[in-house]
There are 2 protein chains.
Amino acid sequence: MEKKKKPRLSDVALLAGVSIGSASKALSEPDKVRPDTLARVKDAVQRLGYIADGTARALASRRSRTVGTILPTISNPIYAAFVQALQKQLAALGYHLIVASHEYDDEVELDLARGLIERGADALVLIGSEHHPRLSHLLDSAEIPTVAAWSYSPFGAHPFVGFNDRTGGQIAVRHLLGLGHRRFAILSGPTTGNERQRARISGIIETLSAHGLECPPDCRLEMPFSISSGDAAFRAVQQMAVAPTALVCCSDLLALGFMSAAAREGLRIPDQMSVTGFGDIEIGKLVHPALTTVRVPIEEIGTKTASMVVELIANPAAGTSADVEVDLAIRASTGPA
Amino acid sequence: MEKKKKPRLSDVALLAGVSIGSASKALSEPDKVRPDTLARVKDAVQRLGYIADGTARALASRRSRTVGTILPTISNPIYAAFVQALQKQLAALGYHLIVASHEYDDEVELDLARGLIERGADALVLIGSEHHPRLSHLLDSAEIPTVAAWSYSPFGAHPFVGFNDRTGGQIAVRHLLGLGHRRFAILSGPTTGNERQRARISGIIETLSAHGLECPPDCRLEMPFSISSGDAAFRAVQQMAVAPTALVCCSDLLALGFMSAAAREGLRIPDQMSVTGFGDIEIGKLVHPALTTVRVPIEEIGTKTASMVVELIANPAAGTSADVEVDLAIRASTGPA
DNA sequence: TTGTACGCGTTATCAA
DNA sequence: TTGATAACGCGTACAA
């Protein structure tokens with residue numbers, strides 16, 4: 001019943017009574033063959049249940065129609081949503097997506113990049129623009145198109161798709177200032193190797209100073225990106241010399257973790273303290289109080305990244321970076337000082 | 001400075017002063033060559049910055065060292081966590097992971113499967129065991145190793161990795177019965193093409209009947225998997241002929257959505273109604289009240305799936321399915337009737 | 001243990 | 001427009 005051997009293109013050509021070259025063209029460039037040969041080839045494909053061998057195709061054409069992405073982690077909802085959008089658009093453009101995660105280890109990231117290049121990825125999507133020192137060289141010598149997503153500056157000569165993190169920090173603080181807050185604390189993820197976190201912090205601090213407010217180092221907390229960081233963050237905030245009335249977080253996950261700890265410890269938000277997040281992941285709307293946060297168009301970043309990556313594959317010189325806008329989603333976790 | 005052409009294996013062999021065959025072996029089976037040839041090859045690789053061409057390797061070896069997975073969506077935290085674990089373990093075993101999502105459309109799923117096969121994936125990971133009628137034929141004729149994750153029965157002849165959904169439904173209900181509840185409602189995702197949802201519902205209903213309780217069709221709600229379904233679900237529950245004191249959800253997302261709507265509408269949980277979820281996604285602990293839910297070892301499913309898939313690639317006949325245990329995470333969303 | 005030579009299945013070039 | 005043929009870069013029997 002079943003054919004023992006998988007049909008090859010030559011089998012299709014034979015059955016269709018055309019040359020193997022014509023069969024190939026019929027499948028890849030249908031407009032470039034006569035209608036009847038196209039029909040016969042298509043018919044033969046149907047009858048044989050022919051499925052092209054992408055591996056051989058990739059070798060001969062030097063294009064795998066695959067792009068690789070290296071993320072910190074897929075578990076963070078913000079990257080999950082990003083990958084979903086990226087994958088969807090890539091699929092629409094005829095590309096597959098290989099995902100890899102380094103869990104915040106840039107040595108691992110470097111290895112993963114090497115692996116993806118070796119694997120034949122046509123392009124790479126990285127997060128941010130600060131990476132292992134050797135990664136840049138690697139990408140250059142491999143001459144692989146790369147885009148820095150979630151970034152607001154190029155990574156080397158590679159274009160980016162992202163938004164102004166600094167602005168994000170600013171609008172969060174302005175909102176809080178408008179509510180009458182004067183004593184702030186900042187909770188961010190690790191800042192080394194993460195220019196986005198640093199930019200957000202800068203936006204926060206500079207807005208504060210513009211209003212004559214200080215944010216001494218003692219008011220700045222740096223914790224791993226995870227909900228469970230909330231506990232330690234809560235304790236640290238409680239022990240601050242000057243008790244803040246507002247906590248500006250550079251990540252939704254961190255904000256949510258803090259609020260969870262606060263609820264457990266009986267600190268009322270926003271009555272006793274206002275909290276803002278960054279990213280606008282879906283669950284921010286579900287918690288009580290709902291999280292006021294800097295809204296980032298995650299899907300748009302994913303979609304634009306996909307389009308740019310495909311453009312870059314077609315024309316490696318086409319590096320026109322794109323930026324998206326952020327704004328503030330005002331919900332219930334912030335209130336008057 | 002830069003080499004214009006990328007070095008090939010023959011260049012490595014030349015520089016190392018060995019044959020191309022030896023160079024190949026040195027890289028793939030280091031134990032099978034003399035130490036000094038190995039050293040010379042490695043040295044040449046270093047000096048040339050040689051990166052193997054995975055495409056050519058795949059064509060010659062008929063192994064791409066890539067597995068593909070087709071999910072409903074990566075946005076659902078439960079699949080995001082799954083992919084993260086799957087990818088991590090696969091990477092540890094030397095495999096890349098291509099992700100694709102069909103967003104609950106089995107025609108799309110079929111096309112994606114075809115694409116992954118064409119692409120040369122060594123194996124496929126699917127979710128559940130009910131798919132497009134033609135998918136089974138496709139997998140058979142392509143002879144591609146496949147595992148059904150999140151499933152408790154084989155998909156055709158393909159092994160599964162999952163848990164007893166029915167048991168999950170049972171333990172949720174038993175907990176509620178123990179709290180004195182007698183009037184139940186069920187909220188599930190779409191049941192067509194989703195044997196897991198049906199099994200969970202069965203587990204719920206049969207446990208109810210075992211205790212002499214009915215759950216008329218009027219008490220069963222079916223909504224799309226999404227937090228926003230919570231609003232419609234809330235309204236539907238309010239209009240039920242017999243007001244339930246407990247809502248058993250077959251998905252955390254749905255439970256969370258319902259609780260969000262309930263909070264907005266002033267329905268107090270668990271005082272006026274108890275709610276249980278299914279899956280135990282991380283955010284269930286953050287909402288207030290924290291969600292009582294059937295805990296599923298998501299990471300374990302991902303890890304075991306990865307191991308099984310690699311095993312299956314090595315030995316396609318090795319189909320030994322694996323199941324994991326579920327239990328109940330009792331938190332604050334359930335209370336006395 | 002090492003080297004030779006062929007095969008993997010397709011695309012691309014070029015002549016007809 | 002079509003057909004023959006040379007790459008594509010590596011794995012792998014088989015022979016030495």
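Proteins come first, then strands; the chains are lettered A, B, ... in the order of their sequence lines, and each starts at number 1.
Comparing B:Ser19 and A:Arg8 against DNA chain C, the residue whose closest nucleotide sits nearer the 5' end is B:Ser19.
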The test is side chain to side chain donor-acceptor pair (under 3.5 Å); show your working for A:Ser153 and A:Glu195 and say whether it passes. CA-CA 9 Å; A:Ser153 60; A:Glu195 81 289 350; 5.5 Å; no
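Going from atom NZ of A:Lys6 over to atom P of C:dC8 covers 14 Å, rounded to whole Å. As a whole-Å value, the separation of B:Arg34 CZ from C:dT2 C1' is 8 Å. The nearest whole Å value for the distance from the CZ atom in A:Arg63 to the C1' atom in C:dT10 is 16 Å. Atom-to-atom, CG of A:Asp53 to P of C:dG9 comes out at 7 Å; the value is rounded to the nearest Å.
Ion pairing between B:Arg57 and A:Glu118 holds under the 4.0 Å rule for side-chain N and carboxylate O. A:Glu299 and A:Lys88 are not joined by a salt bridge, as no carboxylate oxygen comes within less than 4.0 angstrom of a charged side-chain nitrogen.
A sub-4.0 Å separation between OP1 or OP2 of C:dT2 and a side-chain N or O of B:Thr37 is present. Applying the 4.0 Å criterion to OP1 and OP2 of C:dG7, one finds that B:Arg62 has every side-chain N and O outside that range.
Just one residue in the list A:Val99, A:Thr66, A:Ile98 forms a side chain to side chain contact (heavy atoms under 4.5 Å, CB included) with A:Leu116, and that residue is A:Ile98. Tested against A:Trp150, the residues A:Val125, A:Leu126, A:Val296, A:Val161 include a single side chain to side chain contact (heavy atoms under 4.5 Å, CB included) partner, A:Val296.
Across all strands, A:Thr55 comes closer than 4.0 Å to no nucleic acid atom at all (heavy-atom distances).
Residues A:Val83 and B:Val83 are not in side-chain contact: their nearest non-hydrogen atoms beyond the backbone lie 4.5 Å or more apart. Counting only heavy atoms from C-beta outward, the side chains of B:Ile298 and B:Phe82 approach each other to under 4.5 Å. Proximity of B:Glu103 to A:Gln84: side-chain heavy atoms (C-beta onward) are separated by under 4.5 Å at one or more points.
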Summarise how protein sits on nucleotides 11-16 of chain C as a single string, 5' to 3': B when a protein heavy atom is under 4.0 Å from the base, S for sugar-phosphate-only contact, - for no contact. SB----
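The line from CD1 of A:Ile117 to CD1 of A:Ile144 is 5.0 Å long, rounded to the nearest 0.5 Å.
The nucleotide range of DNA chain D contacted by chain A, defined by atoms under 4.0 angstrom from heavy atoms of the protein and reported 5' to 3', is D:dT1 to D:dG9.
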